[in-house]
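Quantities reported herein were computed from a predicted structural model and do not represent experimental measurements. Throughout, a chain's letter reflects where its sequence line sits, starting with A, and its residues are numbered from 1.
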There are 2 protein chains.
Amino acid sequence: MKLSRFLQNIVPFPADELEDIVSYFERETVYKNVPLVKGGQVCSKLYLVEEGVGRSYYLKEDGKEITQWFFVEGQFMSSIESFFQQNPSLYYLEMLEDSVLYSITRENLDLLFARYHNMEKLGRLLSTEMLTRVVNKLNAIQFQTARERYDYMLNEYPNIVNRVPLGNIASYLGMTQETLSRIRKTESRNKS
Amino acid sequence: MKLSRFLQNIVPFPADELEDIVSYFERETVYKNVPLVKGGQVCSKLYLVEEGVGRSYYLKEDGKEITQWFFVEGQFMSSIESFFQQNPSLYYLEMLEDSVLYSITRENLDLLFARYHNMEKLGRLLSTEMLTRVVNKLNAIQFQTARERYDYMLNEYPNIVNRVPLGNIASYLGMTQETLSRIRKTESRNKS
DNA sequence: TGTATTATTTGATCTAGGTCAAAAGAAACT
DNA sequence: AGTTTCTTTTGACCTAGATCAAATAATACA
């Protein structure tokens, strides 16, 4: 989706504002499994996924990767707290397919927030939307069984499931690969 | 804390804006255990706690209450998704002590967002802050043991622990009362 | 101050899902 | 096409924390 169209779907920017705003974004091609941000670095950019799937993940002491979030077409992608508070990121960021992203730096984004009331509004809407998603995930993790969590995911992200490794999904849902594999086995039986 | 001082700590409003903004808030005294919002209702107001502790909780099918969030002095309190998306709330909202709150309706808040760029900014900053807190809790719930979660809470909310019933804290942390009680027992042993 | 009510602790089980280890299947590389 | 590497599945066993039930302890209330 074109960047300007995407932004305009959220807030109805006047043409001149939109043109200026878009000029601060860069279009980047990013390859599979190449980290955009590593744990410990400050995440300096906010990305918008035009094409591809990405994820953020956390590296446990024992070296295991825990997927924290997936990002698909049309979603903003970043190590949120690091980007907004400008502190070292706990998370790695990478794409799981060769992808096309738009990016903007924190400085430029702040500049646009200050320059356009509409842009500030966009920022507010996006963070409340993100907030809702995180709250939903928290509820899923805190209150539901492993099987229910997987069903929830099938609903929320039906397409992701076939595009990313099972291990990533399992850790995203707070369970082991083995458990997810077993769930899948019986799940398909239930549906047939 | 005075409302105007609280707002000004976040964004430096000019005096005239601030005066107008504050005029849209109401000051309310609310008593212990009286629901501000019930599950199923749309949450029409955003509250700021001047004095007291509140919580949001969710009622499971079996009638058990699960505390979702605590709100202390200086924090905004609401059933967030319900307030922002104007859909029926999954959560109940109540104070755990007789309290003093400031409140503003969704309509008035929207009006202020539209009227003042600074106000929009305040909204954005508050939601990113909230977002960070939810992400932190999600990490705690997803990755940590019951004991670690309790320690985390002691750090983040040292004062809440002595002000609210143990059962509320346990469900907030995603464990049973019994487990929390057992943790407390050995915890105090560790610290002595 | 004694009684009822609610909150917390303690004990005895039970279970969902984790861990460890190895086999089977897919992809990627020569 | 054959070997190496990575991913997914399967099996056997184990543990953190849940559940159920009952005993204390603390609060409210008459």
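- Between B:Glu148 atom CD and D:dA16 atom P there is a gap of 12 Å when expressed in whole angstrom units.
- Of the candidates D:dT8, C:dT19, D:dT19, D:dT8 carries the atom nearest the A:Leu166 side chain, counting heavy atoms from C-beta on.
- Per the geometry, CD belonging to A:Gln177 stands 10 Å off C1' belonging to D:dC6, to the nearest Å.
- Residue B:Ser181 places at least one side-chain N or O closer than 4.0 Å to OP1 or OP2 of C:dT9.
- Rounding to whole angstrom units, CG of residue B:Leu180 and C1' of D:dA18 are separated by 14 Å.
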Notebook entry, point to check: What's the verdict on ring-ring contact (aromatic ring centres under 6.0 Å, His included) for A:Tyr102 and A:Tyr47, showing C-alpha distance, side-chain angles and the deciding distance?
Noted result: CA-CA 5 Å; A:Tyr102 296 102; A:Tyr47 302 89; over 10 Å; no

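- Residue B:Thr145 has no polar side-chain atom (N or O) positioned under 4.0 Å from OP1 or OP2 of D:dA16.
- Rounded to whole Å, atom P of D:dA18 lies 13 Å from atom CZ of A:Phe143.
- Residue A:Lys185 places no side-chain N or O under 4.0 Å from the OP1 or OP2 atom of D:dT9.
- A:Tyr57 and A:Tyr92 have parallel rings, their planes meeting at less than 30° on a 0 to 90° scale where 60° marks the start of perpendicular.
- The hydrophobic cluster containing A:Val135 also contains B:Leu90, counting ILVMFWY residues as joined when their side-chain heavy atoms lie under 4.5 angstrom apart, directly or transitively.
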Margin query: Before you tell me yes or no, could you show the steps for A:Phe76 and A:Phe6 under ring-ring contact (aromatic ring centres under 6.0 Å, His included), namely the whole-Å CA-CA distance, both residues' side-chain angles and the distance that decides it to 0.1 Å?
Written below: CA-CA 11 Å; A:Phe76 278 97; A:Phe6 177 77; 5.8 Å; yes

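- The interatomic distance linking B:Ile183 (CD1) with D:dG17 (P) rounds to 7 Å, in whole Å.
- Rounded to an integer number of Å, the gap from CG of A:Leu173 to C1' of C:dA16 is 16 Å.
- Where B:Lys32 and B:Arg182 meet DNA chain D, the nucleotide closest to each residue was compared, and B:Arg182 sits on the side nearer the 5' end.
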For residues 32-40 of chain B, which side-chain N or O atoms pair as donor and acceptor with protein atoms under 3.5 Å away, sequence neighbours left out?
none

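- As a whole-Å value, the separation of A:Arg184 CZ from D:dT7 P is 14 Å.
- Rounding to whole angstrom units, CD of residue A:Glu178 and C1' of D:dA12 are separated by 13 Å.
- Taking 4.0 angstrom as the limit, A:Thr176 places a side-chain polar atom (N or O) nearer than this to OP1 or OP2 of C:dG18.
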